[in-house]
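Structure record follows, encoded as structure tokens.
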Amino acid sequence: MTENTLRSVSVERTGTGHFTATNPRGGTISFGTGSAGDGGTDFTPVELLLAALGGCSAVDVDVATSRHSEPTEFTVTVTGNKVGDELGNRLTDLAVTFSVAFPDDEAGARARAILPRAVKVSHDKLCTVSRTVETGTPVTVTVGEA
């Protein structure tokens, strides 16, 4: 049995400063420049990166904790500072903060007890997005035929 390790999305321009990413299963997400001139509500690529960081760990932590108890609150906030310097444009000081609450019962206590470890294991081992960012994986960019 061979393992399929390739992951992919395609990005299509839908208008000036507007794009749609499509995954192999047909799911889509629209994004753009976030320009105030066009309503400014689109996620920007930087915001999608932040969402991917938070979302990846959120999935890991939710799977681990919700086995014990359904959360009454589950919010992940991701922040970073956008800088431009001799290294080019990039984000620094990335931070992922979990705010999770569980019912005040025995199952909730079990979920609360494993929450810190679930967050740590996600960050240190499981979350492909944060592991990729932290290890500094090179990105190859090419121009293909249209």
Review point. Do any N or O atoms from the side chain of R131 and from the backbone of H123 form a donor-acceptor pair under 3.5 angstrom?
Key: yes
**Study point:** T22 OG1 to R25 CZ distance, which is reported to the nearest 0.5 Å
**Key:** 11.5 Å
**Study point:** Shortest non-hydrogen contact between P103 and E70, atoms and distance
**Key:** CD-O, 3.3 Å
**Study point:** Closest non-hydrogen atom pair between D42 and E47, with its separation
**Key:** O-OE1, 3.8 Å
Review point. Under 3.5 Å, side chain of T14 to main-chain N/O of H18, donor-acceptor pair present?
Key: yes
**Study point:** Spacing of D124 atom CG and R117 atom CZ [to the nearest 0.5 Å]
**Key:** 9.5 Å
Practice item. For E12, look at atom CD and say whether over 12 heavy atoms of other residues, nucleotides or ligands are found less than 6.0 Å away. Key: no
Practice item. Compare every heavy atom of A107 with every heavy atom of H68, then report the nearest pair and how far apart it is. Key: O-CB, 3.1 Å
Exercise for review: Kindly compute the distance separating CZ (F102) from CG (L115), expressed to the nearest 0.5 Å.
Suggested key: 5.5 Å
Practice item. Mind listing the closest non-hydrogen atom pair of V61 and S122 along with its distance? Key: CG2-CB, 4.4 Å
Review point. Is it true that F43 and F31 have ring centroids separated by less than 6.0 Å?
Key: no
Check your understanding: Are side-chain heavy atoms of N89 and V83 found at a separation under 4.5 Å?
Key -> no
Check your understanding: Looking at OG of S130 and CG of D60, how far apart are the two atoms once the value is rounded to the nearest 0.5 Å?
Key -> 8.0 Å
Review point. Can you tell me if S30 uses its side chain to pair, donor with acceptor, with the backbone of T20 under 3.5 Å?
Key: no
Point to revise | T44 versus T33, closest heavy-atom pair with distance | key: CG2-O, 3.4 Å
**Study point:** Non-hydrogen side-chain atoms of F98 and S57 separated by less than 4.5 Å
**Key:** yes
Review point. Between T65 and I114, is any pair of side-chain heavy atoms under 4.5 Å apart?
Key: yes
Check your understanding: Are L94 and L48 joined in one hydrophobic group, where the rule is that I, L, V, M, F, W and Y side chains link up if heavy atoms are under 4.5 Å apart?
Key -> no
Review point. Do any N or O atoms from the side chain of T132 and from the backbone of T128 form a donor-acceptor pair under 3.5 angstrom?
Key: yes
Practice item. Report whether F74 and V78 are members of the same hydrophobic cluster (ILVMFWY, side-chain heavy atoms less than 4.5 Å apart, transitive linking). Key: yes
Practice item. Determine whether T97 and V76 make a side-chain contact, defined as any pair of heavy atoms from C-beta on separated by less than 4.5 Å. Key: no
**Study point:** Flag side-chain contact, heavy atom, 4.5 Å: N81 against L91
**Key:** no
Check your understanding: Do the side chains of L126 and V59 join up, straight or via other hydrophobic residues, at under 4.5 Å, putting them in one cluster?
Key -> no
Revision key, fill the gap. On a heavy-atom basis, the closest approach of G32 and P45 is O-CD, 3.5 Å
Exercise for review: Starting at SG of C127, measure out to CD of E134 and round the result to the nearest 0.5 Å.
Suggested key: 9.5 Å
**Study point:** Check: S69 main-chain N/O paired with R110 side-chain donor or acceptor under 3.5 Å
**Key:** no
